[in-house]
Enquirer: 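One structure, as structure tokens, below. Some questions next.
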Amino acid sequence: MFVAIINIILLHASKNNKPNFFFFLADDLGYGDLASWGHPTSQTPNMDRLANEGMKLVQYYSPSPVCSPARAGILTGRYPVRVGVYCANDTEACAKPELQNCCNGVFLPGMPGGLPSSEQTIASYLHTSGYRSMLIGKWHLGNDVEYLPTRRGFDEYFGCPHGLGACPLAACFPPNEPCAIAGNPDWAPCPLFSNETIVKQPLDMLTVSQEYTSVGKHFMQKNVNENTPFLLYYASHHVHSPQFAGIDATNMTQRGRFGDSLLELDIVFGHLLDALETMGVENDTIVFFTSDNGPSLRNEIRGGDAGLFRCGKGTTWEGGFRVPAMVRWPGKIAAGSVYRDMVSGLDFLPTILEIAGVSSGHVSLDGYSMVNSWIQKKPSPRTHFMYYPQFPQKSRGIFATRAGVWKVHWKMQGSLQCGSNNTDSVCLPTVNYTILNPPRVYQIMLDPGEHYPLNPESDDYQTALTLAQQALRQHNSGFSWYLYPLLNNGTWNPNLQPCCVPGCKPFPSCCRCGTSGDNILYPWLFSDSF
């Protein structure tokens with residue numbers, strides 16, 4: 001008994017005083033998709049648990065309305081155009097990835113480039129303070145080895161670096177139910193990387209969530225055992241199309257296949273939350289949850305729900321940027337609380353750095369630390385936000401500005417992501433790039449759905465315009481875009497697709513390995529119950 005007591009005392013004495021960080025990123029999850037955020041048929045008990053135990057950020061803005069730039073903004077604390085994630089001037093969306101003189105808007109397999117090596121990520125900053133970091137899942141900031149997470153500050157990586165819809169698709173639900181979309185049958189199978197090595201190709205969509213969860217739990221346990229502070233950044237493929245799920249979530253909801261996919265996302269999140277508790281570090285770990293952008297409405301009932309907001313993914317209307325976000329910090333942030341001031345994904349990095357006691361040095365950040373705002377419920381230091389479009393170009397600049405309670409649309413453009421059957425005409429892909437004259441203005445606190453534009457002759461309109469113009473000038477003062485655009489910076493090259501058997505033929509269908517069920521690198525992978 002005496003020895004046991006001494007061991008407990010030594011354990012607590014040796015425990016590092018730096019908090020851990022667990023960042024959980026959903027894909028294409030809309031503001032109205034979670035049960036605790038208002039959806040009547042979604043089953044999300046673990047995300048609802050986070051809402052009850054932490055704080056809901058109800059005026060949260062993603063850095064972008066699409067995947068790659070949003071992730072760049074979250075990880076660097078800088079607007080995506082600062083780090084090169086933008087398109088060349090006078091380019092429109094590519095009808096096919098293979099085409100030239102157009103822009104895909106994200107880093108697809110076969111595209112050269114990715115997040116520049118000059119950029120610092122949350123992981124690289126924390127590394128200087130003794131943190132170990134791991135990214136699991138969808139990276140989407142470059143597919144070549146030189147652009148993988150392990151080359152951008154993360155100590156470990158396990159996942160598929162791009163979206164699963166960019167591959168030939170087999171079964172998405174058990175026992176062998178086809179996926180709802182065709183994917184790209186002529187492209188390389190989806191690879192599963194461990195650090196910089198492909199260990200399985202194609203990955204199995206019916207078990208990949210279980211694999212990701214097991215790897216995440218073991219990463220956390222290893223660092224807890226070694227008394228090392230950690231960052232686990234889990235970037236899920238759910239609920240982006242194609243929706244998929246394993247046996248534990250299939251046919252378990254009232255919301256069809258989208259609901260089943262969402263339930264699997266929730267199950268994974270719950271297992272990782274439970275692991276923190278089992279390891280005894282629940283109170284020492286700050287949990288962040290959000291989505292990369294709004295829902296892909298072109299997939300209709302399998303595309304997500306933007307709630308009360310207009311349009312969705314790909315647009316600069318609120319539905320493209322406003323997504324659910326929550327944070328839990330036991331003993332610091334009041335459980336079950338709601339923060340109603342403006343917050344952006346750009347603010348996560350400076351917030352984490354302040355908590356960890358790490359400086360960003362001379363890097364120009366576009367985010368603000370929210371530590372005092374969340375703990376003491378003080379007003380947000382963020383007073384404005386800039387809406388860059390799905391396909392940013394220097395020549396077109398910013399499409400909309402949020403300044404206090406006002407939102408001013410300077411320009412607009414529809415998006416393929418909102419679908420051709422959308423009943424709201426401003427969302428449609430047929431809406432070409434348009435400079436609005438006069439600009440369209442909304443009082444976003446009173447009209448978050450952007451239904452009632454202000455009369456240009458009104459005093460409120462002039463007030464809003466003046467404040468937005470001031471915010472725009474302040475933002476542009478000293479702001480610089482990256483030297484050149486990295487999206488489609490070069491010709492799409494099928495030979496750049498990740499392949500575990502380099503030089504094999506016929507390429508890329510020959511890119512197959514690790515599918516026998518054996519896992520030499522992770523022999524414990526399926527020993528954990530899911």
Side-chain angles (χ1 to χ4, degrees), residues 18-23 25 62-64 67-86 106-107 113-157 159 161 195-196 223 228-235 286 288 290 292 343-371 381-382 386 388 392 475 478-487 489:
K18 297 177 182 178
N20 307 306
F21 300 101
F22 171 33
F23 198 108
L25 185 67
S62 172
S64 170
C67 298
S68 292
R71 293 157 196 268
I74 288 171
L75 284 168
T76 65
R78 289 150 63 86
Y79 279 107
V81 298
R82 268 201 201 266
V83 302
V85 189
Y86 67 95
V106 297
F107 292 106
L115 185 69
S117 59
S118 57
E119 292 302 319
Q120 300 293 307
T121 64
I122 296 173
S124 53
Y125 283 117
L126 291 180
H127 186 79
T128 65
S129 188
Y131 278 79
R132 293 284 298 178
S133 60
M134 184 173 200
L135 191 147
I136 291 177
K138 182 178 175 181
W139 166 238
H140 225 197
L141 291 172
N143 301 287
D144 293 345
V145 167
E146 63 181 301
Y147 294 102
L148 290 177
T150 46
R151 303 292 181 98
R152 296 297 180 270
F154 286 90
D155 296 296
E156 299 180 54
Y157 173 56
N195 295 327
E196 298 178 0
N223 286 285
T228 302
F230 64 81
L231 162 69
L232 175 60
Y233 186 98
Y234 188 109
I286 303 169
F288 301 91
T290 190
D292 60 345
V343 180
S344 167
L346 302 168
D347 303 325
F348 286 128
L349 182 144
T351 301
I352 289 172
L353 295 194
E354 180 176 341
I355 294 169
V358 177
S359 170
S360 61
H362 299 294
V363 178
S364 297
L365 298 179
D366 296 311
Y368 303 88
S369 173
M370 294 290 165
V371 173
R382 175 168 294 285
M386 302 297 156
Y388 286 90
H475 171 78
F479 185 90
S480 58
W481 293 48
Y482 192 72
L483 292 175
Y484 50 86
L486 297 176
L487 291 173
N489 179 34

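Everything numeric in this text was worked out from a predicted model, so none of it was measured.
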Enquirer: Out of curiosity, Asp366 CG to Met386 CE, how far, rounded to the nearest 0.5 Å?
Expert: 10.0 Å
Enquirer: Supply the atom-to-atom distance Ser344 OG to Tyr368 OH, rounded to the nearest 0.5 angstrom.
Expert: 10.0 Å
Enquirer: Which heavy atom of Pro19 sits nearest a heavy atom of Pro229, and at what distance?
Expert: O-CB, 4.3 Å
Enquirer: Would you say the rings of Phe21 and Tyr131 are close, in the sense that their centroids are separated by under 6.0 Å?
Expert: yes
Enquirer: Output all residues satisfying side-chain contact (heavy atoms from CB on, under 4.5 Å) with Thr290, sequence neighbours left out; order by chain, then residue number.
Expert: Phe23, Leu25, Tyr60, Val323, Ala325, Phe348
Enquirer: Given the rule in the side-chain contact (heavy atoms from CB on, under 4.5 Å) test, do Leu487 and Phe107 qualify, once you have shown the distances and angles that lead to the verdict?
Expert: CA-CA 7 Å; Leu487 291 173; Phe107 292 106; 3.9 Å; yes
Enquirer: Could you walk me through whether Ser364 and Arg78 pass the side-chain contact (heavy atoms from CB on, under 4.5 Å) test, one step at a time?
Expert: CA-CA 8 Å; Ser364 297; Arg78 289 150 63 86; 4.1 Å; yes
Enquirer: Where the side chain of Asn20 meets the backbone of Phe230, is there a donor-acceptor pair that is under 3.5 Å apart?
Expert: yes
Enquirer: Give a yes or no answer on whether the side chain of Ser129 reaches the backbone of Leu126 with a donor-acceptor pair at less than 3.5 Å.
Expert: no
Enquirer: At what distance, to the nearest 0.5 angstrom, does OH of Tyr86 lie from CG of Leu486?
Expert: 7.5 Å
Enquirer: Does the side chain of Pro381 reach to within under 4.5 Å of the side chain of Met370, using non-hydrogen atoms?
Expert: yes
Enquirer: Write down the atom of Pro63, the atom of Ala70, and the distance for their closest heavy-atom approach.
Expert: CG-O, 3.7 Å
Enquirer: Is there a donor-acceptor pair closer than 3.5 Å between any side-chain N or O of Thr351 and the backbone N or O of Val371?
Expert: no
Enquirer: Could you go through Tyr79 and Leu346, starting from their C-alpha distance and side-chain angles, then the distance that decides it, and tell me whether this counts as side-chain contact (heavy atoms from CB on, under 4.5 Å)?
Expert: CA-CA 7 Å; Tyr79 279 107; Leu346 302 168; 3.6 Å; yes
Enquirer: Between CD1 of Ile74 and CD1 of Ile122, what distance do you get to the nearest 0.5 Å?
Expert: 8.0 Å
Enquirer: His475 vs Phe479 aromatic rings, parallel, tilted or perpendicular, using cut-offs 30° and 60°?
Expert: tilted
Enquirer: Are the side chain of Ser68 and the backbone of His140 linked by a donor-acceptor contact shorter than 3.5 Å?
Expert: yes
Enquirer: Return the CD1 to CG distance between Ile352 and Asp347, rounded to the nearest 0.5 Å.
Expert: 11.0 Å
Enquirer: Using a strict threshold of under 4.0 Å (side-chain N to carboxylate O), is an ion pair present between Arg132 and Glu156?
Expert: yes
Enquirer: Could you check whether any side-chain heavy atom of Tyr482 comes within less than 4.5 Å of a side-chain heavy atom of Pro116, counting everything from C-beta outward?
Expert: yes
Enquirer: Between Val81 and Pro392, which heavy-atom pair has the shortest distance, and what is it?
Expert: CG1-CB, 3.8 Å
Enquirer: So, the side chain of Ser124 versus the backbone of Gln120: is there a donor-acceptor pair under 3.5 Å, distance only?
Expert: no
Enquirer: If we count only N and O atoms by modelled type, under 3.5 Å, do the side chains of Glu196 and Thr150 hold a donor and an acceptor together?
Expert: yes
Enquirer: Between Gly142 and Pro161, what is the shortest heavy-atom contact and its length?
Expert: O-CB, 4.2 Å
Enquirer: Once you round to the nearest 0.5 Å, how far does CZ of Arg382 lie from OG of Ser369?
Expert: 12.0 Å
Enquirer: Quick check on side chain to side chain contact (heavy atoms under 4.5 Å, CB included): which of Leu232, Thr121, Asn223, Leu231 does Ser133 satisfy it with?
Expert: Leu231
Enquirer: Begin from the C-alpha positions of Ser360 and Tyr125 and carry the test side-chain contact (heavy atoms from CB on, under 4.5 Å) through to its verdict.
Expert: CA-CA 7 Å; Ser360 61; Tyr125 283 117; 3.9 Å; yes
Enquirer: For a ring pair (Phe, Tyr, Trp, His ring centres under 6.0 Å) check, start with the C-alpha distance between Tyr157 and Trp139, then their side-chain angles and the critical distance, and finish with the verdict.
Expert: CA-CA 9 Å; Tyr157 173 56; Trp139 166 238; 7.3 Å; no
Enquirer: If you take all heavy atoms of Val85 and Ala72, which pair is closest and at what distance?
Expert: CG2-CB, 3.9 Å
Enquirer: Quick check: closest heavy atoms across Ser359 and Leu353, and the distance to 0.1 Å?
Expert: C-CD1, 4.5 Å
Enquirer: Is Leu75 close to Leu141 at the side-chain level, that is, under 4.5 Å between some pair of heavy atoms?
Expert: yes
